[in-house]
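Everything below concerns the one structure shown next.
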Amino acid sequence: MVKSMARLLRVGAAQVGPIYKEETREEIVERLIALLEEAAHRRVELVCYPECALSTFFPRELLDWAEVDKYFDKSMPNPSVKPLFDRARELGIGFHLGYAELDGDKHYNTSILVDKEGEIIGKYRKIHIPGTVEPRLDRKFHHLERRYFLEGDTGFKVWPAFGGYIGMAICNDRRWPETWRVLGMQGVEMVIVGWNTPQLRLSDFHNRLSLQAGCYQNGTWAVGIAHCGEEESGYILMGQSMIVSPFGEVVAMSYTLHDELIDFTIDLDAGKRIKEGLFNFEKYRRPESYKVITERKGVRLPT
Ligand code: CDT
């Protein structure tokens, strides 16, 4: 009997350390390209950059719109990001990139998937937007994503790409089981999720908990990528970029809060055992018992 070939994909999580406000776009893109060169050296086929990888994490500050808009990209690839697209195409590497997107007058927190030929083949706009609209005056740092970003209108999608089925989510999305299940129901084999998460008491634990549970319960790999470290203001974002297997194991994890590449050769077929066994959705899901999940938004106590 001929054993079929494993579907192997070498992926990299290109963690990005602090981006200071005075860094130019050119300098930021140079940093991303340096990570790409390292990835090429390690024969990585798909490099994943984090959420809002092209700027400082501006939602921590109260800014006027003219100032905010300079962090948003109106088209992709635009001239400032083209060197990254060009170098990736030359190296024959695909990538995932998170950035702040301005579409007309609409502001989104967006990620794209780019194939080895430099074509954008997938776009996702963040659905679960955290934080506040108004600044919390009792806090030194704010989290004003709800002020600056609209809720995404793309839905959670899965793309046939890189020899498998790839899904995208962004930061806060990873905490919601619905994100993972909606991707799982589309047969996702690898979820790419970048984040900017304040370093608080249980941040690392909640991050691992969300990724490991999401992967295991849906038989998928995840590549989680941090934009992290201490910014000039003293604001600290958590690291722990990681690659998680469909069994929920962390197989690679970053150990710094700086620009750092981690990589792993994943077997896209690894989730099959779970998907055909314990979590065989077709056989064992009981949607008739899950109606409250889509029929109501909030909790209603039984009377
Ligand atoms: N970027 C992002 O979504 N960050 C949130 C922080 C929530 S604290 C208001 C996260 O879920 O990690």
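Ligands are counted one by one from 1 in listed order, and the atoms in each one are counted from 1 as well.
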Legend entry - Where ligand 1 meets Asn172 - atom numbers and elements under 4.0 angstrom, heavy-atom basis: 3 (O), 10 (C), 11 (O)

Inset, instruction - Answer with yes or no after comparing the ring centroid distance for His143 and Phe57 against a 6.0 Å cut-off, counting only values under it. - result: yes

Inset, instruction - Give the residue, atom name and distance (to 0.1 Å) of the protein heavy atom nearest atom 2 (C) of ligand 1. - result: Cys171 SG, 2.8 Å

Inset, instruction - Could you tell me if the ring centre of Phe279 sits under 6.0 Å from that of Tyr284? - result: no

Legend entry - Where Arg60 and Ser233 come nearest, the two heavy atoms and their spacing: NE-OG, 3.7 Å

Legend entry - Interfacing atoms of ligand 1 (cut-off 4.0 Å, heavy-atom, Arg174): 12 (O)

Inset, instruction - Below 4.0 angstrom from a heavy atom of Glu51, which ligand 1 atoms are there? Numbered from 1 as shown, please. - result: 1 (N)

Inset, instruction - State if Glu145 counts as touching ligand 1 under the rule of any non-hydrogen atom under 4.0 Å. - result: yes

Output side-chain donor-acceptor pairs under 3.5 Å for residues 111-120, partner residues at least two apart or in another chain, one line each.
residue : atom : partner : partner atom : Å
Asp115  : OD1  : Glu117  : N            : 2.9
Asp115  : OD1  : Gly118  : N            : 3.1
Asp115  : OD1  : Glu119  : N            : 2.9

Inset, instruction - Answer yes when Lys21 and Glu61 have at least one side-chain N-carboxylate O distance shorter than 4.0 Å, and no when they do not. - result: yes

Legend entry - The single option from Ile225, Val251, Leu211 passing side-chain contact (heavy atoms from CB on, under 4.5 Å) against Ile243: Val251

Legend entry - Heavy-atom nearest neighbour in the protein, as seen from atom 7 (C) of ligand 1, with distance rounded to 0.1 Å: Pro130 CB, 4.1 Å

Inset, instruction - Just need the protein heavy atom nearest to atom 3 (O) of ligand 1, so name the residue and atom and give the distance. - result: Lys126 NZ, 2.7 Å

Legend entry - Tyr108 ring center near Tyr99 ring center (under 6.0 Å): no

Legend entry - Side chain, backbone, both or neither: the part of Arg175 lying under 4.0 Å from ligand 1 by heavy atom: side chain

Legend entry - Identity and separation of the nearest protein heavy atom to atom 9 (C) of ligand 1: His143 CG, 3.6 Å

